[in-house]
Amino acid sequence: MNHLPEDMENALTGSQSSHASLRNIHSINPTQLMARIESYEGREKKGISDVRRTFCLFVTFDLLFVTLLWIIELNVNGGIENTLEKEVMQYDYYSSYFDIFLLAVFRFKVLILAYAVCRLRHWWAIALTTAVTSAFLLAKVILSKLFSQGAFGYVLPIISFILAWIETWFLD
C-alpha cells in the first residue's frame, strides 16, 4: 500500500516538471519572436524556390544549347547567311533544322510562363511540352532526310529529345 503514494508522488512531480517546461516555452523573448517573424517574412519575399529557379535555369539552358547547335549547323553547312535563308525562308520540313529550334523556343516559352511567371504547381505544362516534343521529333526522324545530312541530322533531334525528358524528370 506504500507503493501507491510513491507512484502518485512521481506522477505529480512529472506533471509539475512538464508544467514548468510549458512555462518556459510560453515565455519567449520578444527579440527571439521578432527574429522568427523576420525569417518567415524573408522566406515569403524570396519569390521563387531554389528548385523552381534551377528548373527554369535548365529550361533556359535547353533553349540556348539547341540554339547554339543550330547556329553551328548553319555555319557548317555553307555559311550562316546562305543556310539561314535556305532553312527559314525556303523552309522544308524534310531537310530543315529550323523547326527543332522553334520546338525549343516553344518549350522555353510554355515552361517559363507556367512555372516561373504563373508559378504553376501542376505537371500538365511539362507533360504537354514533352508530349509535343516527343511526337514531333519522332515524326521528324521517321519522315525527314536529316540522317543523310551528316552528324547534325543525328545530334539535334537526339539532344532535343533528351533535354525535354530531363526537364520532365527534373520537375518530378
- prompt: Looking at Trp165 and Ser134, what are the two nearest heavy atoms and their distance?
  reply: NE1-OG, 3.0 Å
- request: For side chain to side chain contact (heavy atoms under 4.5 Å, CB included), just list the numbers for Phe108 and Asp62, CA-CA rounded to whole Å, side-chain angles, deciding distance to a tenth of an Å, and then say yes or no.
  value: CA-CA 8 Å; Phe108 175 78; Asp62 171 19; over 6 Å; no
message: Give me the atom names and distance for the closest heavy-atom approach of Leu103 to Ser160.
response: CD2-OG, 4.4 Å
query: Would a distance-only check, ignoring hydrogens and angles, find a side-chain to backbone donor-acceptor pair under 3.5 Å from Lys140 to Tyr93?
result: yes
query: Step by step, would you call Leu102 with Trp70 a side chain to side chain contact (heavy atoms under 4.5 Å, CB included)?
result: CA-CA 11 Å; Leu102 288 179; Trp70 182 56; over 6 Å; no
- line: Closest heavy-atom pair, Phe170 versus Val51, reported as atoms and distance to 0.1 Å, is CE2-O, 3.8 Å
- request: Kindly give the cluster partners of Val117, where membership spreads through any ILVMFWY side chain lying under 4.5 Å from a current member.
  value: Leu113
query: Leu57 and Val110: same hydrophobic cluster, using ILVMFWY side-chain contacts below 4.5 Å?
result: no
- request: May I ask you to decide if Pro157's main-chain N or O and Tyr97's side chain share a donor-acceptor pair within less than 3.5 Å?
  value: no
N/O donor-acceptor pair under 3.5 Å between Tyr115 side chain and Arg121 backbone: no
query: Hey, are the side chains of Phe136 and Asp99 touching, using non-hydrogen atoms and a 4.5 Å cut-off?
result: yes
field: Phe101 versus Val66, closest heavy-atom pair with distance
entry: CA-CG1, 4.2 Å
query: Do Ile71 and Asn75 have side chains that get closer than 4.5 Å, going by heavy atoms?
result: no
- line: The reported gap from CG in Leu84 to NZ in Lys86 (rounded to nearest 0.5 angstrom) is 12.0 Å
Non-hydrogen atoms of Arg107 and Ala164 that approach each other most closely: CD-CB, 4.0 Å
- line: Between the CG atom in Leu163 and the OG1 atom in Thr133, the distance rounded to the nearest 0.5 Å is 10.0 Å
Candidate list Ile100, Val155, Leu64, test side-chain contact (heavy atoms from CB on, under 4.5 Å), partner Leu69, passing option: Val155
Distance, nearest 0.5 Å, that separates CD of Glu73 from OG of Ser96: 7.5 Å
- line: Looking only at heavy atoms, the pair that brings Phe55 and Glu167 closest together is CE1-O, 3.4 Å
- request: Drop me the distance from Leu120's CG to Leu111's CG, to the nearest 0.5 angstrom.
  value: 10.0 Å
task: With rounding to the nearest 0.5 Å, note down the distance linking CD1 in Ile166 to OG1 in Thr130.
output: 11.0 Å
- prompt: CZ of Phe98 to CD of Gln90: how many Å apart, nearest 0.5 Å?
  reply: 13.5 Å
- prompt: Which is it for Phe61 and Phe58 under the ring-ring contact (aromatic ring centres under 6.0 Å, His included) test, yes or no, and what are the steps along the way?
  reply: CA-CA 5 Å; Phe61 167 76; Phe58 187 77; 5.8 Å; yes
